[in-house]
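We number each residue from 1, following the sequence as shown.
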Amino acid sequence: MRRLLFICLASSLLMLLAGCTKREGVSVTRDACSLVSKEEVETVQAAPVNETKKSEHSDGVFVVSQCFFNAADSSKSVTLAIVRSDRKQNSERTPKDFWKEKFDPYWDEEPKSKSGDEKEQDSAPKKIEGLGDDAYWVGNRVGGILYVIKGETFFSIGVDGTEDQETKLKKSKALAEKALQRL
């Protein structure tokens, strides 16, 4: 009995000490599938999700973690991607730099429509207020993607479906708010 008590106390002490050590140089990174749950996607899309597929790659400057929520009705699938600096590289370019290049030209732009027989292929990014540090919706006739930046990380959410652009934007915003809580 004393031996069992000693083993339990020793094990508890070792676990406590292990939890108190300082870990320098360890970075905690989230993968895209950890920002939004399968159940949250099912609720927003009103469709069951069969599986989630995650992937990650680096282009030498940025690390992109992607999660594909494959819905039973494939037209209701969702893609979420997180972009961060690749800490293994010594690039001076940051996600904020990329963001500025991509979206700063549009910060005060009014929506444009084409006249006559021209069909609008892609629309200019639309600024979205109240999400992260900055957010833009990029829509086209097929779908749309919501881009959100918070600190040194940005993510994108693509919501599939047959709904109109406003509905897709509303759904994307709901998922983005969940993702921001976990970023």
Applying salt bridge (charged side-chain N to carboxylate O under 4.0 Å, His left out) to Lys54 and not counting sequence neighbours gives Asp31

* Asked: Taking the side chain as C-beta and beyond, is there a heavy-atom pair between Thr153 and Val83 under 4.5 Å?
  -> no

Taken in chain and number order and not counting sequence neighbours, the residues that satisfy side chain to side chain contact (heavy atoms under 4.5 Å, CB included) with Thr167 are Glu163, Asp164, Lys171

**Message:** Take a 6.0 Å sphere around NZ of Lys38 and say whether it holds more than 12 heavy atoms from other residues, nucleotides or ligands.
**Reply:** yes

Contacts of Asp133 meeting side chain to side chain donor-acceptor pair (under 3.5 Å) (sequence neighbours excluded), chain-then-number -> none

Sorted by chain and residue number, the side chain to side chain contact (heavy atoms under 4.5 Å, CB included) partners of Leu169 (sequence neighbours excluded) come out as Lys126, Ile128, Trp137, Leu146, Glu166, Lys173

Indicate if Ile145 and Leu131 have the same hydrophobic cluster label, given that clusters are the connected sets of ILVMFWY residues with side-chain heavy-atom separations under 4.5 angstrom. no

- Query: What about Val138 and Phe98, same hydrophobic cluster or not, with Ile/Leu/Val/Met/Phe/Trp/Tyr joined at side-chain heavy-atom distances under 4.5 Å?
  - Reply: yes

- Determine, step by step, whether Asn70 and Thr52 satisfy the side chain to side chain contact (heavy atoms under 4.5 Å, CB included) criterion, reporting the C-alpha distance in whole Å, the side-chain angles of both residues, the deciding distance to 0.1 Å, and the verdict. CA-CA 6 Å; Asn70 188 13; Thr52 57; over 6 Å; no

Residues pairing under ring-ring contact (aromatic ring centres under 6.0 Å, His included) where one sits in residues 160-183, two or more places apart or in two chains, turn out to be none

For a 4.5 angstrom cut-off between non-hydrogen side-chain atoms, does Phe62 reach Asp86? no

Charged N to carboxylate O under 4.0 angstrom, Lys150 versus Asp134?
no

Next on the checklist: Any non-hydrogen side-chain atom of Gln66 less than 4.5 Å from a side-chain atom of Leu80?
Outcome noted: no

Contacts of Asp160 meeting side chain to side chain donor-acceptor pair (under 3.5 Å) (sequence neighbours excluded), chain-then-number -> none

Could you tell me whether a side-chain N or O of Thr79 sits under 3.5 Å from a main-chain N or O of Phe68, the two making a donor and an acceptor? no

Requested in this report: Please find out if less than 6.0 Å separates the ring center of Phe155 from that of Tyr147.
Outcome: no

Those residues at least two apart in sequence (or on a different chain) that pass salt bridge (charged side-chain N to carboxylate O under 4.0 Å, His left out) with Glu92 are none

Residue pairs meeting salt bridge (Lys or Arg N to Asp or Glu O under 4.0 Å), one or both in residues 39-52, sequence neighbours left out, come to Glu40-Arg182, Glu51-Lys53

Would you sort out whether Val64 and Glu56 count as a side chain to side chain contact (heavy atoms under 4.5 Å, CB included), showing the intermediate values? CA-CA 6 Å; Val64 179; Glu56 187 171 293; over 6 Å; no

Sequence neighbours excluded, the answer for side chain to side chain contact (heavy atoms under 4.5 Å, CB included) partners of Ala46 is none

Practice prompt. Report the relative orientation of the aromatic rings in Tyr136 and Phe103; use parallel for angles under 30°, tilted for 30 to 60°, perpendicular for over 60°.
Written response: parallel

For Phe69, the ring pair (Phe, Tyr, Trp, His ring centres under 6.0 Å) test, sequence neighbours excluded, returns none

Hits for salt bridge (charged side-chain N to carboxylate O under 4.0 Å, His left out) against Lys96, two or more places apart or cross-chain, chain-then-number order -> Glu152

Sequence neighbours excluded, the answer for side chain to side chain contact (heavy atoms under 4.5 Å, CB included) partners of Ser75 is Asp73

Shared hydrophobic cluster for Ile82 and Val63 (ILVMFWY, side-chain gaps under 4.5 Å): no

